[in-house]
Structure formats: C-alpha cells, structure tokens
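Position 1 is the first residue of the sequence, and the numbers go up from there. Being a predicted model, the structure only gives us computed values, none of them experimental.
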Amino acid sequence: MRRLRLGGDVNSLTLLSRAVSFPLQKLSAHQHTMASDGRKQPPWIPPQPRPDAQLPRLKIYNSLTRSKDDFVPVDPEGKVVTWYACGPTVYEDAHLGHAKNYVSTDIIRRIMKDYFGFRVKFVMNTTDIDDKIILQGRQQYLLSRFKHEHASEDDSVSDPVLAEGRAAFKHYICKNLPSLPSDTSPETFFEAVGKAYKGKAGLPPPADPATGQQGQAATVAELLLKVHIGTAGSAAEALQAPGTLPAFFAKTDDVLLPYLDSLHGAEMDSNNHQIYLELGRKFERRFFEDMNALNVLVPDQLTRVTEYVPQIVCFVEKIVANGFGYATPDGSVYFDIDSFEKAGHSYSRLEPWNKNDRALQADGEGSLSKGKSMKRGENHFALWKASKPGEPAWPSPWGHGRPGWHIECSAMASEVIGKTIDIHSGGVDLRFPHHDNELAQSEAYWSSPSCQVQWTNYFVHMGQLRIRGLKMSKSLKNYTTIRSVLSEQEWSARSLRICFLLMPWQDGIEVTDELMKAVVGWEGKLNNFFLKSLDLWKHSLAKTSGQEELGIADQQLLSALEKAKMDVDMALCDSFNTSAVMRILSDLVTESNSAEGLSNQTVFLLARWVTRIIAIFGLDPEGDLGNPDRIGWSGLDIPVLAKPYVYHASQLRDKVRTLACSGSVDHAAVAKLADGTTITASSPVAERSQPYDLVLQQFRTDVKALAAQQAPAKDLLALCDQLRDVHLWNLGIYLEDRNSPQPALVRPLDKLLVEARAAQESAGAAKAKAKLEQQAREAEAERELRERAKIHPLQMFKTSGEYLEWDESGIPTVDAAGTVVSKNRRKKLLKEWEKQKMRHEEWLATQQAE
C-alpha cells in the first residue's frame, strides 16, 4: 500500500558509480542493533531449517537488521516461502514510481521461484478504503451530482453554475494561496499572483545556455505553489470566458471538488459504501492492467481491506485484550506504544531514528485524522477510527468506524499466512511509520508474556524512482502514469525492466540521460546477439544434426560461459544483485561477438543460457522456461503479414546489389530478376499487408526502369539504399547488410538503431551547417577584399587616423603620436601598399572590361 512521503533518505545514484550493490556492514544474527537514542534493539532471530533441508547460499539485505542475512524460510523443508507485499491504494492510475516498486518486487519473486526453486506463496493487498479513497470518492460523487443537476440541452453555462464556480475559486485560493488579497477575483487573479508570488511560481531555474545543465531543482513547497497557481489560474480563465459547459468544467473541476465537499461532504450516508468501492474497483482493475502490461506476475492471493473488516475488528480486540491498545470515548482505538515498550518490546525497529518524527507520524494517521484527538500519547497511532459525518463506517464494539491504515496489513497477512511471514515487502517510504507500526501491532497480537513472536523475518524495501531528487507524487504533479509512458512508446515494458535491473533494487533511481543510454545500449546489444543467433539457427539447421568439432575459440568461450554461470550464481546469492548479472551478460555477449570461427553448437549453447536468464528476469512476456531450446525474446521478428513481401524485396535487393557490384552490370539479368520476383496469392492482398506489398511492387518497377535505361551501377545501389533507408525504415523494418555471400539480415527497428541513425543524421547536419558557415565566412572575406580593392593605394593609410604625415605615394612617415615611422615598420607598410596597389589595378581592369 503506497502513501505519499515527501521526504526520505534515498541515495542519489548513477549507473557508473553503482554497477554492483553497495557494501553493507554485516551484523551477527544474534547481535543487537542500536537505535538513534542509544536503546538496544532486540536481536533478529534467524529461522532454523531442518538438518537435511537443501538451501541455496542466498543472502538477502534485510531492513530489519540493515545487513545481508542468510535466507532461511520458516518451512522446515526449506521449500515454501511466504511473502506479503503491500499493494497500492487504488484511487488513481499507477505511475512510474509504482512501476519501480512492483517491477523490482516481481524480479526478486521470479528469481526466488525460477532460479532458486522456492515455492513462493505471494500475497498482496489492495487498500480499497482509506482517507484518500474516501475523499476522492466523495468529491467525485458530489461533483458528478452537481453536473447532473446543472446539465443543459445546449451545453451553456448558467448563472448558478458561474456563481458556484466563483465561490469555489474563492474557497480554493483562500485555502491554498493565502498571500493573495481576500478580494482577489478571477479578473484580478494573475495580476495579484504576479505581485504576491513574484519569482516563486514553482518553476526550476532555466537551463544554462552554455552548458545545457538545468538549474537547481524546485523545492516541494515551490512545486506545490506551482500546482495551486495553475489550478486557480485555469479556473480564473474559465470564469472569465466560460465557453461550453464541458469546457468550463474541464477547467474548474479541481476547484469545485474541495468546495462541494466542504458544503455537502458531511451529508453522505456512512452506510453507503458503494461510491468508494466503485472507485477502488475501477483503479484496482486499471492497476492490474498496468501490471500485466509490465509483465508483472499476478499475486497468488489478493486481499482487500473492505473484505476483511470483521477480521480487522477481531485483531484490534485481541491487541486491546493483551494490554497494548485502548478505546477512547469518541469510539476510536489507539495503539499504546508506552505499554508495548514497558512489556519488553521495541518500537520503531526499521527506522529508529524517525521514532519521534511528528510529521511522519501525522502522515501515517491520514489527512482526515487531523485535528484534536483523545489519544493518551502523541506518538500513539490509530487501530480503529471513529467515522466522522460523511465517512463510511462499519460496526464494531466501539461504535461505527473504519480500520486504521496500518492495522489492515497486520490483520490480513496474519489471517492468510499466519503468525510468521518469511518476506514482507514494499517501497522504502513504508518503513516508517507503516511497517514499524505493523511490526508493533502484530507482535502485540501474537506474542504472550512467555513467548515473543518475530512476525516478519525479512523486510525487503524497494528504492524509489525520483525526478530531480523528488519522489513521484500526484499532489506535486511531477509524475507520469505507466499507461501514458507505454502508450506513447517513450519506454517499453522491457526497457523499464532493464532500467530497474541495471540498478540495485534497494537503491533509489534518478532517471538520467546516462542511464537511458545504458538501457538502450544493453537492450540493443542483446537484440543484435539474439537476431544473429536466430539467423544462424535458421540457416544452419541441416548442418547441426551431428556433433561439431570444437576449436580453440569455442573452448575459450565455453570456459567463459562456465565462469559466467558461477558469477551469476554468486551475484544472485548476494541479495539478488541483478546489476552485476546484467554486466556479466553484456560482457559475455561482447566476448562472443569478438570471437572468430565459433561453431554453431557453441553459439546456440550460449544463446540458450542467456535466454534462460533474461526469461527468469521477466524480460520476455513470452518466455518459456520449460523450453530449453528457446533462443531470444519476443519482438525480434517482423510482422507475419509483412514477411512474404519484405523477404521477397530483400532477396531481390541482395541479387541486384551483387550484380551492381560485379564490375560490368548485366542489365538484362537485372530486369529478369525483377520480373521473377512475384508472390503467388489465392486472394487479394490483406489490408494490413498492403503497405509492404506496395513497397515490393514499387521496388520491382524501379529496378526494371533502371535496367531498361542501362543505368550505371551507382544508380542501382542508390535505389537499394533507398529501399533500406526510407521505404522499409518507415515501416519499422531494417535490412542490415552483411558481407557476401550472406544475405541482408531482416529485422525490426529498435531504439539503438533509431538513435544511431539520429546521431548520424545529427552529425551530418552539423557538418553541413559547419560547411555552410565556412562558405559564408569565405564569401564575406571575399566581399571585403573586393571592397578594399576599390581603395586607391594613395588613400589606404589616410583614413584610419593612425598617422599624421605620408610621402608622395601615400605611405605613412609620422604616426598619430608624432613619432617618425621606423624603417622596419615602413617595410611592412610598403608590402601592404604594394598588395593594395596590385588589388586596385586588378579591380580597375575588371571595371574597364565591363
């Protein structure tokens, strides 16, 4: 479950400085860790496997100990692993920050399952009721009702709607832009903002034109200010020029939502849960659509808060019965941290340094819980919240209310898994207060005076994705949704996963140009390797039935493969160090590419092993770990409907190029080739195949025309290049020419090819620009020479003001300071005079000729 955290200590990393996981101090499993206030934290107790259990040498970085601990599942046989993951709060679409969390989680889950062979029971929740969902659902309901009540047949904006819009505008700026005068109207808004917030519009400083580097990042406060000014500004524009009703609402929705809620929110029926459930189900469905698009495995079991309210109530009752919770007269129930610690437990084990951070504690209580409470201690947190007017409620022994944020995970995980969980995961921002509170609640529930239970053995927290140092946040509007990124093809599901694999999962990621280049380069290298391996397989099947003799190059590469396997195992045992594995795979492919004379058998063996590792990492949605002969990943082939036309065009092109390069072009043979390139079809060309068919037919026509004209070889080769670089390129297909007699390799375009071509075109454009600039400079110099040539040598030194006296030829004898010109200086001036005399005479000759 994800909550907004605007702060947090997350390392800022670059790919080059963090090729492997950062070094971590190892603590003994029985050693006490030390809290920031000097208190000793209780020891972490590793599970004890059965003596005959076969376990890998896996170590996991455990947030509970802040060290890499040997992984031992609770299962005595060491085969089953229980895992509870905090899922999303489903009230809006998931963004790239969520992608970082859930894809990283998926990578580790796949490694546990498909590499180490554990049977993973993966449980995840969706929070389908909490403060954000309540507020969002209620506001959307009230806005929808308002729009329905004020709908008009001609979509005109009525006076009552305008009046409500102005009231909403005033309500919004009073709350969010307090520096504006109280009488600020839509008509005076922009002028008032310019005066009150001059230089504080929330935009980061512009980039330095010399270096191209962006200025210092805006702060959270500046970004929030920018959001509020933008929201109010949009409403101000609509209120001055309403337009149609849909256009008006498009600009005023964000000010109407909180305003209508302030008027009518408290009137909502607390027993009507449907408006909140509809919102939650909608965005839960969209979340899993996004996860499916990212090739994230579905949970083995999904739990929803609203389906576990009775269990949550029972869980809270037991905590109270055990002496660690108390009810208040208003119907809320709080966790008593003081009693918990007096009983020998430790609170805030994951982030002891934040134990007294009141801002984080308040964030953990939720936005609707602000205001005076009846809890006994400032740091006590809610287990059960008495519902206020307009909030949904469920029955409980303490009155109608709803679950606190943290209790839901403790109750659901305990209900589904039991009193001990092997792995509990979430984003790094959940460590405090959410997971620290979960730990305390669950230990308070399961432990007894004679037995303290370690509820979770390994906490695994994923680093955040950051933009200019800030976590992605809906309130800051500095996020991009997963579906928009994938639909715009800025990133693919594979490139995003590669990005996360290249960095340690527990570290934050700042997406930089350098990192994006590394992603494109790694993916492009693997694309090339798989394409060539598959092409070799395609053309060598008949030759691979027997055992091939292995040469020195084969033996060296096979040795490198065995070493890579050991290195990969060591890296994955080292807390899933995928960044090291990605480097190992890249180096192995490089070594394979540089080897000469490899047997087919060696190439296929290497390609299959690399395919298996990338399938384990989830880089291929069609990956089949049950097929040991599979090579490559999906997306390496051109569309099926394009194949017959593109391959015919490519084969014709290969043959034309061969004839054009033969020395003396046989034009009759060229024409015959074009006539012979036909496709037998029993039905008309399918609509989606027509673009490819048109390219083939046009190429045949152009080849025949050049043959009939007895065109030189360069024209035929230019036509072949045009097919490759223009017509097929525009259809997303590239022909990679290879040394004869190998045919061109037909392949789909990828980012590496596109970026390489863009770089080539950019370099060409820069070169052409530089040439034009040089020509312009030379032309200007020539023009100046022509103008200078018009001056008579007698006058050339008399207009500069540098001299006072000259001889009869116009050569200076005394300078402006009254000093006689020296002999050496006179010699230089004489040479200049003679050159000018020659130029002038040449100019005079041209004038007479005209």
Side-chain angles (χ1 to χ4, degrees), residues 13-23 57 107-108 110-111 114-115 494-505 507 509 512 514-537 550-620 623 630-633 636 750-753 755-756:
L13 306 170
T14 63
L15 180 63
L16 296 181
S17 65
R18 302 305 285 273
V20 296
S21 292
F22 57 82
R57 299 173 296 105
I107 290 167
I108 297 175
R110 287 172 180 271
I111 294 170
D114 297 327
Y115 186 84
R494 179 175 295 150
S495 60
L496 271 175
R497 190 171 285 247
I498 289 170
C499 177
F500 304 150
L501 283 161
L502 285 170
M503 304 294 286
W505 54 267
D507 288 356
I509 291 181
T512 62
E514 182 182 25
L515 180 56
M516 293 178 74
K517 287 177 183 176
V519 171
V520 171
W522 195 95
E523 184 174 10
K525 178 186 281 191
L526 268 289
N527 272 337
N528 290 334
F529 171 69
F530 287 141
L531 279 163
K532 289 171 183 175
S533 300
L534 287 167
D535 185 68
L536 184 64
W537 174 263
L550 302 182
I552 294 175
D554 292 297
Q555 294 170 7
Q556 290 176 340
L557 191 59
L558 289 174
S559 296
L561 174 58
E562 289 307 309
K563 183 178 185 303
K565 289 180 178 179
M566 291 188 291
D567 291 344
V568 164
D569 185 73
M570 186 180 301
L572 294 181
C573 285
D574 182 23
S575 194
F576 317 107
N577 189 352
T578 60
S579 53
V581 176
M582 299 291 275
R583 187 183 65 249
I584 293 165
L585 295 181
S586 178
D587 291 347
L588 187 62
V589 169
T590 299
E591 190 168 349
S592 171
N593 290 339
S594 62
E596 296 182 1
L598 290 175
S599 69
N600 296 344
Q601 178 183 338
T602 299
V603 174
F604 300 151
L605 190 66
L606 175 63
R608 287 171 184 141
W609 180 75
V610 173
T611 298
R612 174 171 173 76
I613 298 301
I614 61 103
I616 288 172
F617 284 173
L619 286 170
D620 183 12
R630 182 175 172 83
I631 289 177
W633 50 30
L636 292 172
D750 62 17
K751 269 195 173 183
L752 190 62
L753 284 170
E755 291 190 2

In this structure, CZ of R110 is separated from CD1 of I616 (nearest 0.5 Å) by 10.5 Å

Determine, step by step, whether T590 and K525 satisfy the side chain to side chain contact (heavy atoms under 4.5 Å, CB included) criterion, reporting the C-alpha distance in whole Å, the side-chain angles of both residues, the deciding distance to 0.1 Å, and the verdict. CA-CA 8 Å; T590 299; K525 178 186 281 191; 2.6 Å; yes

Are any non-hydrogen side-chain atoms of I107 and I111 less than 4.5 angstrom apart? yes

Residue pair W522 / M582, side-chain heavy-atom distance below 4.5 Å: yes

Going by the salt bridge (Lys or Arg N to Asp or Glu O under 4.0 Å) test, which pairs reach into residues 606-620, not counting sequence neighbours? R608-D629, D620-R630

Quick one: list whatever passes ring-ring contact (aromatic ring centres under 6.0 Å, His included) with W633, sequence neighbours left out. F530

When rounded to the nearest 0.5 angstrom, what is the spacing between OG1 in T611 and CG in L526? 8.5 Å

For D587, which residues count as a side chain to side chain contact (heavy atoms under 4.5 Å, CB included) partner, sequence neighbours excluded? R583

With sequence neighbours excluded, what pairs up with K563 under the salt bridge (Lys or Arg N to Asp or Glu O under 4.0 Å) test? D567

Within the side chain of S559, is there an N or O that forms a donor-acceptor pair under 3.5 Å with the backbone of Q555? yes

Residue list, side chain to side chain contact (heavy atoms under 4.5 Å, CB included) with K517, at least two apart or on another chain: none

Apply the test side chain to side chain contact (heavy atoms under 4.5 Å, CB included) to residues L536 and F604: give CA-CA distance (whole Å), side-chain angles for both, the deciding distance (0.1 Å), then the verdict. CA-CA 9 Å; L536 184 64; F604 300 151; 4.0 Å; yes

So how far is it from L585 CG to L606 CG, rounded to the nearest 0.5 Å? 9.5 Å

Set of side chain to side chain contact (heavy atoms under 4.5 Å, CB included) partners for A615, sequence neighbours left out: L625

Once salt bridge (Lys or Arg N to Asp or Glu O under 4.0 Å) is applied, do any residues pair with K751, and if so which ones, sequence neighbours excluded? none

Exactly one of V581, N577, I108, I613 should register a side-chain contact (heavy atoms from CB on, under 4.5 Å) with L572. Which one does? V581

Do the non-hydrogen side-chain atoms of L550 and S599 ever get within less than 4.5 Å of each other? yes

Which residues satisfy the salt bridge (Lys or Arg N to Asp or Glu O under 4.0 Å) test with D535, sequence neighbours excluded? R738

Reported CG-to-CG distance for the pair L605 and L598, which is rounded to 0.5 angstrom: 11.5 Å

Beyond-backbone contact of L753 with D750, side-chain heavy atoms, under 4.5 angstrom: yes

For the OH atom of Y115 and the CZ atom of F576, what is their distance to the nearest 0.5 Å? 12.0 Å

Any side-chain to backbone donor/acceptor pair from R494 onto L619? Under 3.5 Å, distance only. yes

Closest heavy-atom contact between E596 and A553? O-CB, 3.3 Å

Main-chain N/O of F529 paired to S533 side chain as donor or acceptor, under 3.5 Å: yes

Atom CD of E523 and atom SG of C499: how far apart are they, to the nearest 0.5 Å? 11.5 Å

Pairing residues for L534 by the side chain to side chain contact (heavy atoms under 4.5 Å, CB included) criterion, not counting sequence neighbours: I631, L636

Does S592 reach the side chain of L588, with side-chain heavy atoms less than 4.5 Å apart? no

Tell me which pairs pass salt bridge (Lys or Arg N to Asp or Glu O under 4.0 Å) where either residue lies in residues 552-562, with sequence neighbours left out. E562-K565

Determine whether the aromatic ring centres of W505 and F500 lie less than 6.0 Å apart. no

Would you call N528 and L752 a side-chain contact if the rule is heavy atoms closer than 4.5 Å? yes

Shortest non-hydrogen contact from L501 toward T578: O-OG1, 2.9 Å

Tell me, do F617 and I498 make a side-chain contact under 4.5 Å, heavy atoms counted? no

